[in-house]
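A, B, ... follow the sequence lines: proteins, then strands. Residue 1 opens every chain. These values consider heavy atoms only, across backbone and side chains, with no hydrogens, waters or symmetry-generated copies.
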Amino acid sequence: MKFASSYEPGEYESDIYGAWEASDIFAPPVPTVPVDNNGDGKDDRDNKNTYSIVMPPPNANGNLHIGHGLTIAVEDSLIRYHRLKGNSTWYIPGADHAGFETWVVYERNLEKQGHTRFEYDRNELYARVWDFVAEQRGNMELQLRALGASCSWDDLTFTLDENVIDRVYTTFEKMWNDGMIYRGEKLVNFCPKHQTAFADIEVEHKDEKGTLWDIAYTYDGGEIIVSTTRPETLFGDAAVAVNPEDERYKDLIGKTVHLPLANKEIPIIADEHADPEYGTGAVKITPAHDFDDFEVGERHNLERIKVISENGTMINVPEKYYGLTTAECRKQVLKDLKAADLFRGEKQLVHSVAHCYKCGTVLEPMLKEQWFVDVEKLASVAIKHLEQNEIKFHPANKQKVLINYLKNLKDWNISRQIPWGIAIPMFRRVTDAATDEPDWIFDRRTHLKEIEVGGTKYVRDEDTFDTWFSSSHWPIVCTDWTEDNFNPYYPLNVMETGADILFAWVARMIMMGLYVTGEVPFKEVYLHGLVLDAHGQKMSKSKGNVINPMDLVAKYGSDAFRLGILRGRSAGMNQAFSENSVIAGRNLCNKLWNIARLIQSTVDDSNETLENVHQRPCATNEERRSEVPPVTTGRNERVVDESFSTPYSTLNMGEDWICREINDCLNQVESSMKNYRFAEAIEVLYQTIWDKYADWFLESQKIFKNTGLLKQTLETILIALHPFAPFVTEAIWQNLSWTDGFIATAKWPNKLKFDPISAAEFEGLISVVSEVRGTLQALPGTNNAKKYSLLYGNDSLVEDNLMLIRTLTKVPAINSLDGQPRGLRLALANHELYLDVPEKVVTEYKDALTEKILSVGRELDALNARMMNPNYVNKAPEHLVKETKDQIKEKESLISRLKTQLDLI
RNA sequence: GGGUUGUUAGCUCAGUUGGCUAGAGCGUCUCGUUUACACCGAGAAGGUCGGGGGUUCGAGCCCCUCACAACCCACCA
């Protein structure tokens with residue numbers, strides 16, 4: 001016996017993954033490179049049947065977190081589903097050099113060893129981090145395997161692979177030639193700790209309490225009071241601005257004021273930026289250290305005086321303040337202002353402050369020369385394609401959100417002062433001699449610090465690319481898209497990633513895809529939300545509520561994790577997650593395992609051969625001995641389906657019914673997958689497998705053993721569940737005696753053939769059995785099922801299914817009612833059935849019966865009220881009206897029978 | 001200030017164009033160890049679908065409005 005009594009995922013998962021990988025079944029059947037079979041120089045591949053997804057690359061030297069777990073569950077379910085559907089699926093795995101993240105870790109290590117980055121040059125640092133990453137690498141890839149990701153490992157792309165860098169340089173060169181790249185001295189968000197600039201999108205704004213100080217700037221015959229949260233920057237002030245409409249200051253515009261603590265006069269200018277309602281209505285302008293002031297400065301051509309250095313100390317200030325940190329300087333300035341009697345008060349306020357998203361340090365707006373991408377053209381092209389609905393979004397509203405973002409996009413700072421990344425391929429001219437040579441030239445030889453072109457020397461810019469600049473090429477580089485060849489895997493079928501990086505990544509992939517290839521990079525976008533903890537709180541180390549996916553995989557199995565994390569989750573929503581849903585998944589896997597175990601043992605017992613499949617299978621000995629006639633549903637021919645590997649026929653209504661239910665289930669799974677409703681697909685599979693297949697069909701098969709159908713239906717539900725629970729379904733498939741190959745590469749099942757009339761009749765049996773069970777439990781006393789037998793009047797459904805009803809209800813006997821009715825009549829409209837209970841019990845049941853009559857009466861009243869409404873009868877669809885009429889009839893007949901029963905008591 | 005989403009059972013969530021008595025998992029309660037499964041089986045309790053108004057024969061779903069919650073963008077001298 002291969003099937004143990006419970007499914008232990010740990011015993012199977014790694015072997016199964018190993019077997020899949022060894023058989024190379026995850027490589028796409030349609031080649032990923034051009035193929036010319038007939039030598040006509042043309043690519044002979046077609047893309048009718050391809051399905052491609054690129055994995056958002058997890059950090060190469062990190063561990064997977066819960067979000068990765070969700071990503072893989074979603075992507076791999078899609079991939080496996082489409083593989084079963086017969087597509088040539090290509091799931092391309094990736095690994096991210098994670099520029100900034102990895103750099104932070106590496107630099108921390110350096111510091112621990114008592115070194116700093118400044119001891120090494122850029123090339124040395126790059127080589128050192130490369131080795132560091134190489135040492136750490138591998139865990140993440142093992143974890144992807146543990147999650148069951150059926151990706152094509154040979155095609156793994158690392159974000160620093162040569163082809164990636166090549167492609168990035170090609171794009172950059174094209175942009176440079178197209179005039180979309182410029183070097184600008186602009187204010188950037190600068191982290192004094194990490195010594196690098198960030199893009200706007202990487203900045204984390206937090207509300208903080210601060211102080212607003214009022215300072216007097218004097219002029220001949222008066223003073224103007226400005227409010228500031230940053231008094232230390234006053235040495236960088238280039239003007240004081242007032243609103244042109246502000247009557248209070250109209251006469252002062254154009255005059256100069258004395259800059260406190262500095263021997264300097266600055267002008268009073270008129271600018272809309274000054275809000276008359278705020279503070280005194282006058283504001284100091286520091287173009288080099290404030291984003292708004294920078295813009296004011298541009299409008300008025302003001303001097304940009306840099307008073308804070310990149311390591312956060314004061315420069316270009318009077319001797320006294322030089323070299324102080326900003327905090328020290330602020331203290332000193334305030335003290336000196338008070339001493340000079342220029343301090344005019346202070347108040348507390350809450351304002352948002354920019355922080356480094358990694359270390360939390362307050363970011364300093366810093367004047368720097370950086371490379372910028374002019375995004376106007378990129379964004380407008382992207383907007384055009386988005387507005388033409390070339391990409392379908394899940395959830396749909398994100399399309400609008402994205403367009404809105406692109407409409408307000410500012411130029412993109414792509415320079416980062418971090419050694420770990422792709423070097424910017426730009427070189428600056430060093431010779432002083434006056435020359436016509438350009439200041440900057442593009443060159444791919446970034447491994448060199450210095451190059452010579454046409455006798456002129458150039459040195460490389462030390463900076464590296466913002467990682468989003470290179471990752472915006474991800475669909476292009478992973479699929480090996482080229483200008484020259486048709487690529488059946490590009491655009492991708494779907495891009496799946498977190499909703500939190502819609503702007504940072506998805507937007508940029510779309511812009512870059514269009515710029516480089518002229519096509520949108522993917523046809524659909526599925527965005528998942530954050531995985532929150534069980535109480536709906538964001539997971540964080542500091543809260544201690546982080547759930548590690550690998551712990552859950554180890555504890556409950558990979559399938560249980562996948563089922564659990566997809567359950568109850570819909571696109572774009574931040575949703576809670578708890579171990580309970582994983583436990584439910586584990587239980588389903590075990591249930592399925594035991595279903596297979598039961599069927600395999602049935603198959604083993606039957607000694608079945610193909611020849612006797614079409615004959616009616618053996619009933620149990622008990623049934624044969626009984627005098628009950630064979631099961632019939634009144635029809636002469638049975639449905640026989642030979643289109644399956646194991647031909648089967650349906651022989652009774654339970655069998656027809658389960659075929660119908662499985663077909664419904666397949667339809668619902670198919671439509672759910674089309675609409676990315678994974679939770680719904682899992683839900684319907686769960687219900688079908690557990691509540692229908694196991695609880696009704698398999699129970700009924702304890703009497704009728706139709707091995708052909710058992711095999712066929714089991715294969716069907718296994719394949720249907722495989723996309724979500726790949727391991728347990730494969731483990732079962734490998735253990736079954738009659739299956740071949742891998743379930744992972746099986747064919748998605750055809751619909752089962754069945755007799756619909758017979759299938760519907762089984763529902764009558766379900767309601768009979770349910771009513772018997774419910775009534776037995778409601779009766780006083782315990783173990784009622786063993787005590788009371790069932791009596792039936794003129795009822796063919798019951799008469800034809802005595803054995804089955806007995807098995808399902810556990811009643812000791814079912815007898816034909818001879819003569820006077822006795823016992824308790826069951827509340828079934830279309831069946832004459834009695835539980836053979838003593839008068840005393842019936843009497844005790846009186847209250848319940850009365851309540852039942854009342855509740856049916858209430859239902860009847862509601863239905864009657866509906867029919868009394870002429871508008872309903874006239875306007876509602878006919879079938880609904882007819883349905884209501886039928887229901888009224890049924891309820892009326894039921895209520896009269898129950899009343900008769902009550903009268904008898 | 002602009003935008004997005006949400007509010008349905010004790011908890012976490014479904015509920016597709018309006019249409020039978022609003023569903024599931026987990027939890028709770030009762031009963032049951034019957035040879036696939038106690039990671040089980042049978043049964044049950046639990047909901048004025050955030051409040052108010054409107055449209056409709058009919059609203060959890062559509063419209064208006066209010067409240068509360070979460071998130072994003074911008075601004076914050």
Worksheet item: When the distance from CG of A:Asn574 to P of B:rC13 is rounded to whole Å, what number comes out?
Response: 10 Å
Contacts table for residues 395-403 of chain A: side-chain donor-acceptor under 3.5 angstrom, sequence neighbours left out:
residue: A:Gln399; atom: NE2; partner: A:Leu386; partner atom: O; Å: 2.7
residue: A:Gln399; atom: NE2; partner: A:Asn389; partner atom: OD1; Å: 2.8

Item to complete: Would you please say whether a donor-acceptor pair under 3.5 Å links the side chains of A:Gln687 and A:Glu683?
Response: yes
Practice prompt. Mind checking A:Asp275 for me? I need base, sugar-phosphate or nothing, with any heavy atom below 4.0 Å counting as a touch.
Written response: base
Worksheet item: To the nearest angstrom, how far is A:Lys702 atom NZ from B:rA42 atom P?
Response: 10 Å
Worksheet item: Checking A:Asn594 side chain against A:Asn590 main chain: does a donor-acceptor pair fall under 3.5 Å?
Response: yes
Practice prompt. Could I get the full list of ring pair (Phe, Tyr, Trp, His ring centres under 6.0 Å) partners for A:His394, not counting sequence neighbours?
Written response: A:Tyr676
Worksheet item: Which residues pass the salt bridge (Lys or Arg N to Asp or Glu O under 4.0 Å) test with A:Arg299, sequence neighbours left out?
Response: A:Asp271
Discussion item. When you measure from the side chain of A:Glu204 to the backbone of A:Ala354, do you find a donor-acceptor pair of N or O atoms at a distance under 3.5 Å?
Written reply: no
Worksheet item: Quick one: A:Ile501 CD1 to B:rC71 C1', roughly how many Å, whole number?
Response: 16 Å
Item to complete: Check RNA chain B against residues 553-561 of chain A and give the residues with a non-hydrogen atom under 4.0 Å, in numerical order.
Response: none
Could you list, one pair per line, each protein nitrogen or oxygen that sits under 3.5 Å from a nitrogen or oxygen of nucleotides 15-19 of chain B, together with the distance?
residue: B:rG15; atom: OP1; partner: A:Arg677; partner atom: NH1; Å: 2.7
residue: B:rG15; atom: OP1; partner: A:Glu680; partner atom: OE2; Å: 3.2

Item to complete: Say whether A:Asp237 and A:Tyr217, considering side chains only, have a donor N or O and an acceptor N or O under 3.5 Å apart.
Response: yes
Worksheet item: For A:Ala679, which contact category applies under a 4.0 Å heavy-atom criterion: base, sugar-phosphate, or nothing?
Response: nothing
Item to complete: Select one nucleotide: of B:rA36, B:rU4, B:rC75, the one nearest the side-chain heavy atoms of A:Asn594.
Response: B:rA36
Fill in: Atom-pair distance (CG on A:Leu863; P on B:rU21), nearest Å
7 Å
Show each protein N/O and nucleotides 23-26 of chain B N/O combination with a separation under 3.5 Å, one pair to a line.
residue: B:rA24; atom: O3'; partner: A:Gln687; partner atom: NE2; Å: 3.4
residue: B:rA24; atom: O2'; partner: A:Glu683; partner atom: OE2; Å: 2.3
residue: B:rA24; atom: O2'; partner: A:Gln687; partner atom: NE2; Å: 3.3
residue: B:rG25; atom: O4'; partner: A:Arg567; partner atom: NH1; Å: 3.4
residue: B:rG25; atom: O2'; partner: A:Arg567; partner atom: NH1; Å: 3.4
residue: B:rC26; atom: O2'; partner: A:Asn580; partner atom: ND2; Å: 2.9

Worksheet item: Below 3.5 Å, does any donor atom in the side chain of A:Arg586 face an acceptor in the base of B:rC39, or the other way round?
Response: yes
Worksheet item: Does a donor on one side chain sit under 3.5 Å from an acceptor on the other, for A:His355 and A:Glu208?
Response: yes
Item to complete: Measure the distance from CG on A:Leu566 to C1' on B:rC13 and round it to the nearest whole Å.
Response: 14 Å
Fill in: Donor-acceptor contact below 3.5 Å, side chain A:Asn675 vs main chain A:Arg677
no
Worksheet item: salt bridge (Lys or Arg N to Asp or Glu O under 4.0 Å) with A:Lys555: which residues, sequence neighbours excluded?
Response: A:Glu579
Practice prompt. Report yes if the distance between the aromatic ring centroids of A:Phe393 and A:Tyr526 is under 6.0 Å, otherwise no.
Written response: no
Practice prompt. Taking salt bridge (Lys or Arg N to Asp or Glu O under 4.0 Å) as the test, write out the residues that go with A:Asp533, two or more places apart.
Written response: none
Worksheet item: Whole-Å distance between B:rU5 C1' and A:Leu527 CG?
Response: 14 Å
Worksheet item: Which residues satisfy the ring pair (Phe, Tyr, Trp, His ring centres under 6.0 Å) test with A:Phe503, sequence neighbours excluded?
Response: A:Tyr405
Discussion item. Just to be sure I understand the rule, does A:Phe503 reach a base, reach only the sugar-phosphate, or reach nothing, if contact means heavy atoms closer than 4.0 Å?
Written reply: sugar-phosphate
Worksheet item: Looking at B:rU4, B:rG43, B:rC37, which one has an atom nearest to any side-chain atom of A:Asn397?
Response: B:rU4
Discussion item. From C-beta outward on A:Lys891, which listed nucleotide comes closest to its side chain: B:rU30, B:rU12, B:rU21?
Written reply: B:rU21
Worksheet item: Should A:Lys786 be listed as having a side-chain N or O under 4.0 Å from OP1 or OP2 of B:rU34?
Response: no
Worksheet, complete the sentence: So the stems of RNA chain B, runs of at least three Watson-Crick or G-U pairs (under 3.5 Å), are B:1-7 with B:67-73, B:10-13 with B:23-26, B:28-32 with B:40-44, B:50-54 with B:62-66
Discussion item. Judged by each residue's nearest nucleotide on RNA chain B, which is more toward the 5′ side, A:Leu349 or A:Lys398?
Written reply: A:Lys398
Practice prompt. Name all pairs fulfilling the side chain to side chain donor-acceptor pair (under 3.5 Å) condition that reach into residues 860-876 of chain A, sequence neighbours left out, sorted by first residue then second.
Written response: A:Tyr872-A:Thr884
Discussion item. Between P on B:rA14 and CZ on A:Phe678, what's the gap in Å once rounded to a whole number?
Written reply: 14 Å
Worksheet item: Does the side chain of A:Lys810 get closer than 4.0 angstrom to OP1 or OP2 of B:rA42 through an N or O atom?
Response: no
Worksheet entry | A:Asp604 and A:Gln600: side chain donor to acceptor below 3.5 Å | yes
Item to complete: Without swapping roles, check the side chain of A:Asn574 against the backbone of A:Gly529 for a donor-acceptor pair under 3.5 Å.
Response: no
Worksheet item: Taking protein heavy atoms under 4.0 Å as touching, what does nucleotides 6-11 of chain B look like 5' to 3' if B marks base contact, S marks sugar-phosphate-only contact and - marks none?
Response: S-----
Fill in: Short side-chain N/O contact from A:Gln575 to OP1 or OP2 of B:rA14, under 4.0 Å
yes
Discussion item. Could you tell me if A:Thr807 and A:Glu699 have a donor-acceptor pair between their side chains, going purely by distance under 3.5 Å?
Written reply: no
Worksheet item: If you find the nucleotide of RNA chain B closest to A:Glu277 and the one closest to A:Gly568, which residue's nucleotide is nearer the 5' end?
Response: A:Gly568
